[in-house]
Structures are given as structure tokens and as C-alpha cells.
Amino acid sequence: MTKPLEGIKIIDFTHVQAGPACTQLLAWFGADVIKVERPGSGDVTRNQLRDIPDADALYFTMLNSNKKSLTLDTKKPEGKEVLEKLIRESDVLVENFGPGALDRMGFSWERLNELNPKMIVASVKGFSDGHHYDDLKVYENVAQCAGGAASTTGFWDGPPTISAAALGDSNTGMHLAIGILTALLGRDKTGKGQKVAVSMQDSVLNLCRVKLRDQQRLERVGYLEEYPQYPHGEFGDVVPRGGNAGGGGQPGWVLKCKGWETDSNAYIYFTIQGHAWEPICHAIGKIEWIDDPAYKTAEARQPHIFEIFNTIEVWLADKTKFEAVDILRKFDIPCAPVLTMKELANDPSLRASGTIVEVPHKKRGSYLTVGSPIKFSDMKPEVTASPLLGEHTDEVLTGLGYSKQEIFNLREVKAV
Ligand code: COA
């Protein structure tokens, strides 16, 4: 099967999560991704949170599948020379070093563009170029705070809260992948490469778009009717944290199911979508609510929405989260069980679709990872193991025209 990105060569100068998530996606879709790593140590995640001594950590293996690994000290003149050769024949260079690191290495955008005017240079930074914080190094949670996610996540009586989802890291990587593919299409028309830059702050904010919507609504009318603070609580002048309220206009909440006293995930998310009110009443056996003026409209329900959720919890008390969803789905009610990582890892549907995949690895044995969440009718992205440190150094150097003796010499000076 020919993959759409076959023939696209990518220098993967990324580390940790944001950059690697981007290049991994492109590798799944067929790009030849060469991860350039410092000799001896490599990407810091190879060693982070190891669960097996002497084997690459899952943090690394789950973000670097389908890639090649080339060790190269790009601060040494001999290493720079190799990198220059690679740049001349690559389509894309992706990096997420701290601000200014690539310039300090001698590979500014101008230099890269001079070496290969057709190459796309894609970068992740914490803040966008010219931003008053653009000198800052940034990790996931920093970005969640800077991008508006933390101030709007959690409960109103608790502190700003970080999401477990990698809104700052992998999300930024996905934005960058879209930018790279767009620039590649642009290059087909113009013949020119360009610089693609994505900041973590911007990517988080992009996902918090509805909260900026709410800020403007709040400033205009002074309240937000879908938040738990309405109508009994107070609103200040900034979007508050809304707990588990739905953000899209239909009230929803995380509700207890059978066993919640001992199982911290025995919950479902229940949504009271306006037009689903009648089916909800049928499902939970409260037919009298259908025409009751105190319940009939969304506006009438809102002031006592938590009393309604409490009543639904009484109905849920003798049902597991799975049993509850099996009943509610027959009534077309938007809902889902709160699933744990253990349940997701063993979910037969996710295994069948290739979203959860088991990958054989030379040193680890097999490990689970998340495969492509994007499905195609003509291609099933296959996930292969992440490379060992420097596994493809000889192969890549030979491909660049280096002889065995020259490779030996590069090793002697510890440039590879
Ligand atoms: N050979 C030689 N040197 C190399 C190298 C190689 N193959 N690969 C990297 N380096 C050097 C760089 O040149 C740089 O050196 P310098 O600072 O002396 O110029 C250094 O290694 C890497 O620095 P940096 O990227 O700043 O690493 P860090 O561990 O201090 O910071 C981050 C890590 C993630 C905070 C930082 O890279 C960052 O802010 N990145 C942008 C935002 C981002 O992507 N963050 C999320 C990551 S999930």
C-alpha cells in the first residue's frame, strides 16, 4: 500500500512530547522521519520514568514509533557537516528546542533557507515569536496555564486545574502537523519552502475558544446560564471554573452509578440535550416531568438542574455505568461511561480499529500505544517500534554517501 507521505524526508530534531507527537503522526502516514539525537544520551524521554531498567521508557517509545534514529553531535564541526548534507536533501526540518537553540547551533532560518530553499522549517515554542514571553522555556502545564485552560478548568471553589490531556504538548504537535502539510501543499504551487511556527500558548488557546466566547458573553450580559453558578451563585468579571458542566449549551454533569462508593470511576457523563428531554423522562421513569411547566423547557429546568441530576442519580444507583449507558443509548441520550485507562487499554473496539495497538520492541518486548486516531478508507497506518538510540546511524550516513572509513572517523571524534 502506498502511503500519501512516502518520499517526504523529515529531519526530526524534536524531543520530549510536542515535536515528537507531530513527527510520529507524519511517519505513520509514510514520511521518512529521521530523528537526530545527541550521541550517548538521545532524547531525554528515553530515560524518563523508566519501567524496565536499560530499556527505552514508554514515554519515548509511545511518541517515536515508525522513525529512524541518527546520533549526531550537531555542535561539532563534523556533525554540522553531516546535518548540512541531510538538510540539502530533506523536505522538512521539525524542531522544538528552547528559544534560540537552533540559531546558537548555527542553523538559523536564514541559513537553513540558504542551504535548501525548498525545505519547510517547522518549530514549536512555548510562546509565539515577538511575544513578551518568547524567551521562556515551556512544558505542558505551563502552556495550559498560559493558554487559558487552567483558569477555566476545575471547580469554582478550588484552584486553577491542569487537564490530564496533553493540550500543550501533543495538541501543539497536531497543530504543527497541519501547518507542515499545508506548507508542503503550498510548496507544490510555489516551489518554495517556508517557516511554520506554532506556539503552545496559541494551541491551548485555540482549544479554549469557547471560553473566550464565554468571556464576551459574560461581559455583555453579566451571567452564563449554562454554568453551575447560574442562577443562584455570583459571577465576577472573568469566566469562572464550571466543574463538569457542559460547554456547548446543553447542561450535563458527571453522575454517580452503582458502586461509586468503592470505585472512583463508577460514573457516567449525562447530557440533558433540549430535544432529548422527553426520552430522558421515559428512560428514568419520570413521565410526569414531560409536561410539567417546572421541567418542560430548558429555561424552566436550569434553576433546579442539580435537583434533576440528583433524581437521575437515584435512578442510576442500582445500575453500573455500562448498564446505564446500555439503557440510555436506546433513548438516544448523549452519554458515556467514565472509562479508565485500564478499560481503554483492553477495549476490543479500540483494538479492532487500531486506536490501541500492541507494538513489538527489540528490548522491551511488546508495549501498548495509541495508534492513529485518524482513519482513512485507503490506508491503515501501521505502527512500528520506536528506534533504539542510533539504530539507523550507519544506514542514514551511507545513504548520504559516507564510506565505512568516513563513518569510522566520525565515530572516532564522537560526532555520531
Ligand atoms: N547535538 C548537540 N547539541 C544538541 C543536540 C545534538 N544532537 N540536540 C540538542 N542539542 C542542544 C541544543 O543545541 C541546546 O543547546 P544550547 O542551549 O547550549 O544552545 C540544548 O541541547 C537543548 O536545549 P533545550 O531545547 O533548551 O533543552 P532543555 O532541556 O533545556 O529544555 C524544553 C527543554 C522542552 C523546556 C525546551 O526545549 C523548550 O522550551 N522547547 C520549546 C517548547 C516545547 O516544545 N516544550 C514542550 C516539550 S514537550
Side-chain angles (χ1 to χ4, degrees), residues 11-25 34-49 57 59-60 62-64 67-87 93-108 111-112 121-129 131 133-147 149 162-163 165-177 179 196-204 387 389-390 392-393 396-397 410-411 413-416:
I11 302 172
D12 182 11
F13 228 164
T14 71
H15 63 160
V16 202
Q17 185 175 163
C22 165
T23 48
Q24 173 171 262
L25 189 89
I34 301 165
K35 188 166 173 103
V36 178
E37 299 182 81
R38 228 187 305 219
S41 51
D43 188 327
V44 69
T45 59
R46 286 187 184 269
N47 287 301
Q48 261 174 7
L49 311 173
Y59 197 8
F60 179 84
M62 293 178 74
L63 285 154
N64 291 285
K67 302 181 185 178
K68 290 176 182 159
S69 168
L70 161 71
T71 48
L72 194 62
D73 188 331
T74 53
K75 283 189 173 167
K76 292 206 160 110
E78 297 84 351
K80 282 190 207 293
E81 208 180 293
V82 174
L83 185 62
E84 287 192 7
K85 277 200 174 147
L86 201 52
I87 288 167
L93 181 148
V94 190
E95 65 93 19
N96 69 318
F97 293 129
L102 208 56
D103 292 0
R104 289 194 291 279
M105 213 186 267
F107 292 98
S108 63
R111 176 71 184 133
L112 290 167
V121 179
S123 295
V124 166
K125 295 286 166 272
F127 294 88
S128 59
D129 235 6
H131 190 286
Y133 285 150
D134 72 0
D135 56 326
L136 282 178
K137 290 186 175 181
V138 170
Y139 283 109
E140 172 69 54
N141 295 354
V142 178
Q144 290 201 26
C145 291
I162 299 300
S163 163
L167 305 176
D169 283 343
S170 281
N171 168 44
T172 306
M174 299 305 105
H175 279 79
L176 192 68
V196 181
V198 179
S199 89
M200 296 168 76
Q201 181 190 40
D202 293 357
S203 302
V204 173
L389 181 61
H392 304 92
T393 299
V396 174
L397 293 176
L410 285 168
R411 283 219 162 84
V413 295
K414 297 194 167 36
V416 299

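First listed ligand is number 1; within each ligand, the first listed atom is number 1.
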For the side chain of [X] and the backbone of [Y], is there at least one donor-acceptor N/O pair under 3.5 Å apart?
X	Y	result
K80	M105	yes
Q144	A165	yes
D169	Y139	no
Q17	L63	no
E140	L167	yes

task = Quick one: look at V124 and ligand 1, take heavy-atom pairs under 4.0 Å, and tell me if it's side chain, backbone, both or neither.
result =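 Both of them.
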key: Side chain, backbone, both or neither: the part of E37 lying under 4.0 Å from ligand 1 by heavy atom   =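 For E37, only backbone atoms sit under 4.0 Å from ligand 1.
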For ligand 1, which atoms have a heavy atom of [X] less than 4.0 angstrom away?
X	value
V16	47 (C), 48 (S)
D169	46 (C), 47 (C), 48 (S)
L72	1 (N), 6 (C), 7 (N)
M200	42 (C), 43 (C), 45 (N), 46 (C)
D73	1 (N), 2 (C)

Non-hydrogen atoms of F127 and S199 that approach each other most closely =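 In this case the closest contact between F127 and S199 is C-CB, 3.4 Å.
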Write out the residue and atom name of the closest protein heavy atom to [atom], then the distance separating them to 0.1 Å.
atom	answer
atom 19 (O) of ligand 1	R104 NE, 2.8 Å
atom 44 (O) of ligand 1	N96 ND2, 2.9 Å
atom 21 (O) of ligand 1	R38 NH2, 2.9 Å
atom 28 (P) of ligand 1	K137 NZ, 3.7 Å
atom 14 (C) of ligand 1	A101 CB, 4.0 Å
atom 39 (O) of ligand 1	V138 N, 3.1 Å
atom 6 (C) of ligand 1	T74 OG1, 3.3 Å
atom 27 (O) of ligand 1	H15 CE1, 3.7 Å

task = Could you check if a side-chain atom of V138 sits within less than 4.5 angstrom of a side-chain atom of K125, using non-hydrogen atoms only?
result =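 Counting from C-beta outward, V138 and K125 never come under 4.5 Å.
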ask   = Any side-chain heavy atom of V16 within less than 4.5 Å of one from Y59?
value =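 Yes; the side chains approach each other to less than 4.5 Å.
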When you measure from [atom] to each heavy atom in [options], which option holds the nearest one?
atom	options	result
atom 15 (O) of ligand 1	K75, Q17, M105	K75
atom 34 (C) of ligand 1	F107, Y139, F13, F97	Y139
atom 25 (O) of ligand 1	S199, G98, G42	G98

key: Test: R111 and E84 ion pair at under 4.0 Å   =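 Salt bridge present between R111 and E84.
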inquiry  = Taking only non-hydrogen atoms of A18, do any sit less than 4.0 angstrom from ligand 1?
reply    =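 Right, A18 reaches ligand 1.
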Partner of N64 by side chain to side chain donor-acceptor pair (under 3.5 Å), out of R46, K35, E37, Q24 =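 Result: among R46, K35, E37, Q24, K35 is the only option passing the side chain to side chain donor-acceptor pair (under 3.5 Å) with N64.
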query = Is the CZ atom of F97 crowded by more than 12 outside heavy atoms at less than 6.0 Å?
reply =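 Atom CZ in F97 is crowded, with more than 12 foreign heavy atoms closer than 6.0 Å.
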message = Among residues at least two apart in sequence or on other chains, which ones pass ring pair (Phe, Tyr, Trp, His ring centres under 6.0 Å) with F107?
response =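 F107 satisfies ring pair (Phe, Tyr, Trp, His ring centres under 6.0 Å) with no other residue.
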ask   = Would you say atom 23 (O) of ligand 1 has a protein heavy atom nearer than 4.0 Å?
value =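 Flag for atom 23 (O) of ligand 1 set to false, no protein heavy atom closer than 4.0 Å.
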